[in-house]
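Values below: every heavy atom of this structure, side chains too, minus hydrogens, waters and symmetry copies. Below, chains carry the letters A, B, ... as their sequence lines are ordered, and counting in each starts from 1. Just so it is clear, the structure is predicted and the values come from calculations on it, not from any experiment.
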There are 2 protein chains.
Amino acid sequence: MRAQTRRLSFGQTELDGTDIRILQVLQDEGRISKSDLAARVHLSNSACFERMRRLEQSGIIRSYHARLDLDLMEDLQIFQTHVVLGSHRQEDFTRFEAYVAANDMIAECYGLGGGIDYSLTCVARRISDYQGLIDDLLSRGLNVERYYTYVVTKQVKRREIGIDRLLG
Amino acid sequence: MRAQTRRLSFGQTELDGTDIRILQVLQDEGRISKSDLAARVHLSNSACFERMRRLEQSGIIRSYHARLDLDLMEDLQIFQTHVVLGSHRQEDFTRFEAYVAANDMIAECYGLGGGIDYSLTCVARRISDYQGLIDDLLSRGLNVERYYTYVVTKQVKRREIGIDRLLG
DNA sequence: CCTGAAATCTATAGGTA
DNA sequence: TACCTATAGATTTCAGG
């Protein structure tokens, strides 16, 4: 009896169980060598290679990153900011998101539904730097109606969001 | 005139400008080859390798990860949940955080100060799975006083949080 | 921090089902 | 099409300066 092969479509691309396993491994061990990866998914180097390249070129794998230990970083304040816009025209969203993309104190931004429009994670060296960000945000005519600031006191958990939840 | 060398301490470890540059590069290009990294920071292979290992062993670099394109992932719902606890004894925090650590639908969790205690990012295949998570959370006697659910409609931005903000 | 040689890994070409 | 083996070339590791 063969193991059941889960198939998923990601935009244009169809993924089989082996692709998903590759993604899973790379999500957890982003710097694993390609030969170790091939062994892990029971494939020859070249076959595994070809799949990995397909996953990168199709955009399913966007990028690779080292994750640093925030708790070891002194001189670093993290804030979470919840933003409500004054009106919800397409243009309001576009302009706000362009601002977020361009501002490099903003590390993360989720668009939300249900009473808050955006949740931001902001990185600053001092509170005054954060306040500078907020002042700037409010002075740009981005139609921010309300915002709420929360100091991040602890990074309890941070995992990549993704594929592992689609299995099982 | 020498370039100014910024120094930072991360817990036990002292970092110089070259270490910081290495961290910066690895944060952005987690799968860069070690020789390319050495060239990028103007160091010989072996010197750069030695530093990289020090950064990994000291725990400043925790891990490496592939980042997948969430917008391409069908069958995946993301929720943000804001949690207020009923009381703030040390034990309440410890137990809540242990729950978060153990539950693999919860991908991210920040501890906050300022009216909300925790912000969670949850991954589910269906809304009913998310509701199952909430039901479970509430049935564990974790002293959750209130929670607020927001559907994530768009991942506007996601960058590693870290070192780059400490420069400039 | 450097050099250099041995061990390992990667990319590609050519073949099988 | 998807996979395999083989191999030349590149990279990584490590000993010694």
Inset, instruction - Tell me what A:S44 touches on the nucleic acid: a base, only sugar-phosphate, or nothing, going by heavy atoms under 4.0 Å. - result: base
Legend entry - Spacing between B:E56 atom CD and D:dT12 atom P, to the nearest angstrom: 12 Å
Inset, instruction - Would you indicate, yes or no, if D:dT5 has its OP1 or OP2 atom less than 4.0 angstrom from a side-chain nitrogen or oxygen of A:S46? - result: no
Inset, instruction - Take atom CG of A:L43 and atom C1' of D:dA2, then tell me their distance rounded to the nearest Å. - result: 9 Å
Inset, instruction - Ignoring backbone atoms, establish whether B:R51 has a side-chain N or O less than 4.0 Å from OP1 or OP2 of C:dC1. - result: yes
Inset, instruction - Would you kindly give the CD-to-C1' distance between B:E50 and D:dT12, to the nearest whole Å? - result: 14 Å
Inset, instruction - Scan A:N45, A:L43, A:I32 and name whichever one has a side-chain contact (heavy atoms from CB on, under 4.5 Å) with A:L37. - result: A:I32
Inset, instruction - Look at A:S35 and C:dT8 and indicate whether a side-chain polar atom (N or O) is within less than 4.0 Å of OP1 or OP2. - result: no
Inset, instruction - Send over the distance from B:M52 CE to D:dT13 C1', rounded to a whole Å. - result: 13 Å
Inset, instruction - Determine whether the aromatic ring centres of A:F93 and A:H88 lie less than 6.0 Å apart. - result: yes
Legend entry - Value in whole Å for how far the C1' atom of D:dA10 lies from CD1 of B:I32: 15 Å
Legend entry - Whole-Å gap separating C1' (C:dT10) and CG (A:D36): 12 Å
Legend entry - Side chain of A:A47 - closest among D:dC4, C:dC1, C:dC9: D:dC4
Inset, instruction - Look at the side chain of A:D36 and the backbone N and O of A:S33, then say whether any donor-acceptor pair between them is shorter than 3.5 Å. - result: no
Inset, instruction - Would you kindly give the CG-to-C1' distance between A:D19 and D:dC3, to the nearest whole Å? - result: 14 Å
Legend entry - From D:dT12, C:dA11, D:dC4, nucleotide with atom closest to B:N45 side chain: D:dT12
Inset, instruction - Output the single nucleotide from D:dC4, C:dA11, C:dC9 whose closest atom is nearest the side chain of A:F49. - result: C:dA11
Legend entry - Interatomic distance, A:L37 CG vs C:dT10 C1' [rounded to whole Å]: 13 Å
Inset, instruction - Indicate yes or no for a side-chain donor-acceptor contact from B:R140 to the backbone of B:Y99 under 3.5 Å, with no hydrogens or angles considered. - result: no
Inset, instruction - Output the single nucleotide from D:dT11, C:dT10, D:dC3 whose closest atom is nearest the side chain of A:K34. - result: C:dT10
Legend entry - A:Y150 ring center near A:F79 ring center (under 6.0 Å): no
